[in-house]
Amino acid sequence: MIRVVVVDDEALVRSGFELILGAAPDIDVVAAVDADLAVDTIRAHQPDVVLLDIRMPARSGLEILADLRDDAQRPVIGILTTFDTDEYIARALQDGASGFLVKDTAPEHLAAMVRSLAAGGVVLSPQVSRTLVEGYAGATDRDASRRIALLTDRERDVLARLPTGESNAEIGRRLHLSSATVKDHVSAILAKLAVSSRLEAALISERAGRCGGRG
């Protein structure tokens with residue numbers, strides 16, 4: 001079972017996510033709380049995935065991310081947003097967010113996104129990926145293309161799969177590689193692109209792709 005905690009200041013949103021995800025046979029929403037209870041609840045339950053609202057009046061999702069950043073049992077965190085929040089992208093990435101989901105994600109897609117996060121994949125809701133790519137300050141288009149040029153052909157193949165949210169095992173099946181080999185390639189990609197997460201690598205890949213830098 002994938003254990004999930006939902007953090008949002010709106011009770012209706014929490015209930016909706018709990019209801020939708022609770023219908024999946026492999027997902028267990030162990031808690032759904034507001035910002036005040038978030039850190040203690042996450043540390044108590046040690047979930048696999050946290051869905052965290054980025055804008056809350058009591059405490060922002062960024063503050064909660066920062067509190068959890070150095071925890072030994074830190075879960076995978078997907079940011080919930082309405083996505084008029086470009087200025088928060090860099091900070092959320094720096095503090096280790098693994099994905100960005102819009103709150104009105106179609107119910108049939110939500111469980112798949114949680115599964116992808118739990119498996120170590122990247123999640124970028126289609127509705128916000130363009131905003132993310134354009135708002136990401138970690139690399140200019142020219143710099144993104146320069147970094148991509150450092151990769152081997154096989155590393156580029158792996159990098160091209162990261163924005164899809166696939167796990168190492170899924171990427172390996174598509175490219176006829178073992179999960180361990182994919183993991184090694186991902187480590188090399190992060191080092192060469194000078195980023196710390198698969199999500200940042202995916203954003204650089206998208207930026208380079210916009211100006212023809214992937215080919």
Side-chain angles (χ1 to χ4, degrees), residues 1-56 61 64-65 68 71-83 92 96-129 132 158 160-183 186 197-199 201-202:
M1 293 290 287
I2 300 170
R3 302 173 75 254
V4 177
V5 168
V6 177
V7 180
D8 196 285
D9 63 311
E10 297 181 31
L12 187 59
V13 172
R14 296 197 302 268
S15 298
F17 274 79
E18 195 169 11
L19 180 65
I20 293 166
L21 292 174
D26 57 337
I27 296 175
D28 179 19
V29 180
V30 297
V33 298
D34 62 17
D36 288 333
L37 298 175
V39 174
D40 288 343
T41 300
I42 291 166
R43 287 173 175 164
H45 287 281
Q46 295 187 0
D48 303 297
V49 174
V50 173
L51 300 182
L52 176 64
D53 187 10
I54 200 167
R55 275 189 173 174
M56 293 179 285
I64 293 168
L65 260 177
L68 298 170
D71 283 12
Q73 300 296 323
R74 189 176 182 279
V76 175
I77 297 177
I79 296 295
L80 299 173
T81 179
T82 54
F83 237 78
S98 296
F100 290 83
L101 299 76
V102 288
K103 287 189 178 181
D104 60 353
T105 293
E108 62 269 23
H109 296 153
L110 184 60
M113 289 180 170
V114 168
R115 294 185 188 107
S116 180
L117 286 170
V122 168
V123 167
L124 290 174
S125 291
Q127 302 97 312
V128 300
S129 59
L132 266 169
V158 172
R161 303 307 311 172
L162 294 187
T164 68
E166 294 169 342
S167 66
N168 288 348
E170 291 168 328
I171 293 172
R173 283 193 292 272
R174 288 186 179 275
L175 300 179
H176 308 291
L177 300 170
S178 70
S179 294
T181 299
V182 173
K183 183 178 179 180
V186 170
S197 72
R198 294 165 68 109
L199 179 52

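Note that the numbering runs from 1 along the sequence shown for the chain.
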In short, V4 meets I27 closest at the heavy-atom pair CG2-CG2, 3.8 Å

Restricting to non-hydrogen atoms, name the atom on R161 and the atom on L175 that form the minimum distance, rounded to 0.1 Å. CG-CD1, 4.4 Å

Is there a donor-acceptor pair closer than 3.5 Å between any side-chain N or O of D53 and the backbone N or O of R55? yes

Output the distance between atom CD (Q73) and atom CG (L68), rounded to the nearest 0.5 Å. 12.5 Å

Would you name the heavy atoms of V50 and P75 that are closest together and state the gap between them? CG2-CG, 3.5 Å

Rounded distance (nearest 0.5 Å) linking atom CG of L117 with atom CG of D48: 11.0 Å

Less than 4.5 Å apart, side chain to side chain, heavy atoms only: is that true for V49 and R115? no

Euclidean distance, D26 CG relative to L21 CG, rounded to 0.5 Å: 10.0 Å

Closest heavy-atom pair and its distance - M113, V123: O-CG2, 3.4 Å

Shortest non-hydrogen contact between H45 and R3, atoms and distance: O-NH1, 2.6 Å

What pair of heavy atoms forms the shortest contact from T105 to L110, and how long is it? CG2-N, 4.1 Å

To the nearest 0.5 Å, what is the distance between CG on L51 and CG on L101? 6.5 Å

Go through the steps for I171 and L177 under the test side chain to side chain contact (heavy atoms under 4.5 Å, CB included), then give the verdict. CA-CA 8 Å; I171 293 172; L177 300 170; 5.9 Å; no

Measure the spacing between CG of L52 and CG of L65 and express it to the nearest 0.5 Å. 5.5 Å

Test applied, side chain to side chain donor-acceptor pair (under 3.5 Å); reference residue, N168; option that passes from K183, R198, R173: R198

pair V30-V5: side-chain heavy atoms closer than 4.5 Å: yes

Are R43 and D71 packed together at the side-chain level, in the sense that at least one heavy-atom pair is separated by less than 4.5 angstrom? yes

Is any side-chain heavy atom of V39 less than 4.5 Å from a side-chain heavy atom of I64? yes

Return the CD to OG distance between E18 and S15, rounded to the nearest 0.5 Å. 6.5 Å

